[in-house]
Amino acid sequence: MEKTLLERLKEYSASDFYPLHMPGHKRQWGEGGTSGKGGGAGDGFPNPFSIDITEIDGFDNLHHAEGILRESMDRAAEIYGADESCYLVNGSSCGILSAICGCTARRGKILMSRNCHKSAYHGIYLNELDVEYIYPQIITELGIQGGILPEDVEKKLNENPDIQTVLIVSPTYDGMVSDVRRISEVVHRHGGVLLVDEAHGAHFPFGKEGEFPVSALDEGADVVIQSLHKTLPSLTQTAILHMRKKFLGTERMERIKRYLSIYQSSSPSYLFMASMESCIRYMDGEGREALSRLYERLEGFRDGCRELTGIQVPGKEWIGRYGVYDMDLSKILMFPGGLRRSGVWLGDWLREKHHLELEMSAPQYGLALTSLMDGEEGFRRLLNGLKELEQLDVLTGEAKDEMFYEKAVRSLCHPEAVCRIWEAMEADCEIRPLKECTGEISAEFVYLYPPGIPYLVPGERIADEMILFLSGCQRMGLSIQGMQDLNGFQLKIWKNKG
């Protein structure tokens, strides 16, 4: 008989597979990772069914908070230094949607970094916006994205004086942080507001100086969205949105909250909200020291990586180059190019040989996501695995040459936008084999998941490099999503191409 989802989850939880991925609680109730001795944000949580309630008397309503939930969010705002903070029970995605729609007029215009999460593009679609893209710098030696340059933002705003809303991602999925302070100064000087997707930086506000980057909220951003569940001990799907009133104004703040009531569930989980409150209170106390212990473990791990010769683990040497203002070292990037192997191969090998599950395996590197809930075991197992890998005769047999695909497409291919996203998605379309789509206009999104950043957006012309990249990803077994064809071999294109 086929096992149920619950049975599979319990079986996996009881195994020795170690999570080098989100959620940040790492399946632990207390701080200390595998020690399981408690002392963390999960302490005191009973059987979830026993506290799963609805909006009964005395427990407030998230969509009209004026009691215990209002007090809880006000306390969160005080801790973070925001004028107002809002719990998000539908993840950062609903916060991004609400921020975009609340800060732009329908069929208005937005300046957005091209490496935004798919939810940002959904916001553009829903509000039928014109979009100007700003591209992050490319770290050519690694083939990954760096930061957004303030001068590029300035140039775009000078060219498009009608833009009043700017959205960037900082940190990137790989942990690269842009100079948010200078970018916010540019945006405000042009009379606009800055929205920052800081989904992967929820831990920043609780780090000691010099350990982790400074939060975008402290660097002048007007709206900051953070996924608590990605890097902190909070349940999956929990996030928070922060607002500052000075440049945002009361009207836009109210519009954002109105859209939150649209994009969030009308039956928000009290388990989620209790998890968020417990997480934030813990981080404002014992969690700060726990985060410092994480930083010490990260430094020890990176010291051990200095012995590696065929696997590159980038660090702070990239700060000050390619728009990288700072780096989040809790993201561990591993490039096995010196072993002539791909990131996909690395992820598969670590999973099969050492029962380590990475956050993401890309064509040229693997990404491990750590949090303050990781104990010594995870770092020890990962370092031992990488050292063992270097001792293997991995150069024999067929070497993986697919590593160049993502590097080529990110550094060479800036898709040409022919029409608006919503126009392409609602136009008369047809399905065609991917290999026959060169020069056509895409009518659907194409992205790898994780991280969910579109390589191709509806309304963009399909270049040869894109088809080469996607075909390479298919051969490597990567998960290509967004296409109606779940196998990823056919693409929906716009019949009335430009």
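Computed from a predicted model, the values in this text were never measured in an experiment. Quick note: residue numbers are just sequence positions, from 1.
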Asks: Considering residues at least two apart in sequence or located in another chain, which fulfil the salt bridge (Lys or Arg N to Asp or Glu O under 4.0 Å) criterion with E78?
Replies: none

Asks: If you count the non-hydrogen atoms of other residues, nucleotides and ligands that lie under 6.0 Å from OH in Y325, is the total more than 12?
Replies: no

Asks: Between the side chain of R114 and the main-chain N/O of P454, is any donor-acceptor distance below 3.5 Å?
Replies: yes

Asks: Tell me the closest heavy-atom pair linking G192 and D222, and the distance in Å.
Replies: O-OD2, 4.5 Å

Asks: Answer yes or no: is there a donor N or O on one side and an acceptor on the other, between the side chain of D174 and the main chain of M176, under 3.5 Å?
Replies: no

Asks: Applying ring-ring contact (aromatic ring centres under 6.0 Å, His included), which residue pairs with at least one partner in residues 142-172 are found, sequence neighbours left out?
Replies: none

Asks: So, using side chain to side chain donor-acceptor pair (under 3.5 Å) as the criterion, who are the partners of D218 when residues are at least two apart?
Replies: none

Asks: Looking at Q364 and G143, would you say the former's side chain and the latter's main chain have a donor-acceptor pair under 3.5 Å?
Replies: yes

Asks: Is the CD1 atom of I68 crowded by more than 12 outside heavy atoms at less than 6.0 Å?
Replies: no

Asks: Determine, stepwise, if the pair Y263 / S93 fulfils side-chain hydrogen bond (donor to acceptor under 3.5 Å, both in side chains).
Replies: CA-CA 9 Å; Y263 293 130; S93 294; over 6 Å; no

Asks: Quick check: closest heavy atoms across P233 and C279, and the distance to 0.1 Å?
Replies: O-CB, 3.5 Å

Asks: Give a yes or no on whether the backbone of Q484 and the side-chain of E444 come within a donor-acceptor separation of less than 3.5 Å.
Replies: yes

Asks: Taking the side chain as everything from C-beta on, heavy atoms only, tell me whether R351 gets closer than 4.5 Å to L358.
Replies: no

Asks: Short question: side chain of D197, backbone of A199 - any donor-acceptor pair under 3.5 Å?
Replies: yes

Asks: Looking at every non-hydrogen atom in both residues, tell me the closest pair between P450 and M360 and how far apart they are.
Replies: O-SD, 3.6 Å

Asks: Of all residues at least two apart in sequence or in a different chain, which pass the salt bridge (Lys or Arg N to Asp or Glu O under 4.0 Å) check with E154?
Replies: R189

Asks: Would you please name every residue forming a side chain to side chain donor-acceptor pair (under 3.5 Å) with E198, sequence neighbours left out?
Replies: S215, Q226

Asks: Counting N and O atoms only, with roles assigned by atom type, does the side chain of S471 sit under 3.5 Å from a partner on the main chain of I467, one being a donor and the other an acceptor?
Replies: yes

Asks: NZ of K316: more than 12 outside heavy atoms within 6.0 angstrom?
Replies: yes

Asks: Keeping N127 on the side-chain end and G108 on the backbone end, is there a donor-acceptor pair under 3.5 Å?
Replies: no

Asks: Once you measure the plane-to-plane angle for F212 and Y295, does it fall in the parallel (<30°), tilted (30-60°) or perpendicular (>60°) bin?
Replies: perpendicular

Asks: Any ring-ring contact (aromatic ring centres under 6.0 Å, His included) involving residues 154-189? Give me the pairs, sequence neighbours left out, ordered by first then second residue.
Replies: Y173-H200, H188-F247

Asks: Any idea how Y449 and Y447 line up, ring-wise: parallel (<30°), tilted (30 to 60°), or perpendicular (>60°)?
Replies: perpendicular

Asks: Is a salt bridge present between R107 and E128, judged by a nitrogen-to-oxygen distance below 4.0 Å?
Replies: yes

Asks: For L372 versus G287, what's the shortest heavy-atom pair and its separation?
Replies: CD1-O, 3.8 Å

Asks: Using the salt bridge (Lys or Arg N to Asp or Glu O under 4.0 Å) criterion, which residues pair with K257? Sequence neighbours excluded.
Replies: E84, E254

Asks: Mind listing the closest non-hydrogen atom pair of S85 and I240 along with its distance?
Replies: CB-CD1, 4.0 Å

Asks: May I ask you to check whether over 12 heavy atoms, not counting those of F59, lie within 6.0 Å of atom CZ?
Replies: no

Asks: Between the main-chain N or O of L367 and the side-chain N or O of H21, is there a donor-acceptor pair closer than 3.5 Å?
Replies: no

Asks: Could you walk me through whether Y455 and E460 pass the side-chain hydrogen bond (donor to acceptor under 3.5 Å, both in side chains) check?
Replies: CA-CA 10 Å; Y455 285 100; E460 291 180 341; over 6 Å; no

Asks: Who are the side chain to side chain donor-acceptor pair (under 3.5 Å) partners of Y87, not counting sequence neighbours?
Replies: S72

Asks: Just say parallel, tilted or perpendicular for the rings of Y365 and F335, cut-offs at 30° and 60°.
Replies: parallel

Asks: Indicate yes or no for a side-chain donor-acceptor contact from S227 to the backbone of H229 under 3.5 Å, with no hydrogens or angles considered.
Replies: no

Asks: Could you give all pairs that pass the salt bridge (charged side-chain N to carboxylate O under 4.0 Å, His left out) test and reach residues 228-251, with sequence neighbours left out?
Replies: none

Asks: If we ignore hydrogens and angles and just use 3.5 Å, is the side chain of Q264 paired with the main-chain N or O of V89 as donor and acceptor?
Replies: yes

Asks: Are D284 and R75 ion-paired here, with the side-chain N under 4.0 Å from a carboxylate O?
Replies: yes

Asks: Name every donor-acceptor pair, under 3.5 Å, that has one atom in a side chain of residues 162-171 and the other anywhere in the protein, sequence neighbours excluded.
Replies:
residue, atom, partner, partner atom, Å
T165, OG1, C103, O, 2.6
S170, OG, S178, N, 3.1

Asks: Taking salt bridge (Lys or Arg N to Asp or Glu O under 4.0 Å) as the test, write out the residues that go with K155, two or more places apart.
Replies: E159

Asks: Charged N to carboxylate O under 4.0 angstrom, D60 versus R70?
Replies: no

Asks: Using the test side chain to side chain donor-acceptor pair (under 3.5 Å), find all partners of S275 that sit at least two apart in sequence or belong to another chain.
Replies: S234

Asks: Using the side chain to side chain contact (heavy atoms under 4.5 Å, CB included) definition, which of the options V446, I493, I421, I441 pairs with P458?
Replies: I421

Asks: Got more than 12 heavy atoms from elsewhere within 6.0 Å of CZ, R8?
Replies: no

Asks: Out of I148, V324, D152, which residue meets the side chain to side chain contact (heavy atoms under 4.5 Å, CB included) rule with Q137?
Replies: D152

Asks: CD of E416: more than 12 outside heavy atoms within 6.0 angstrom?
Replies: yes

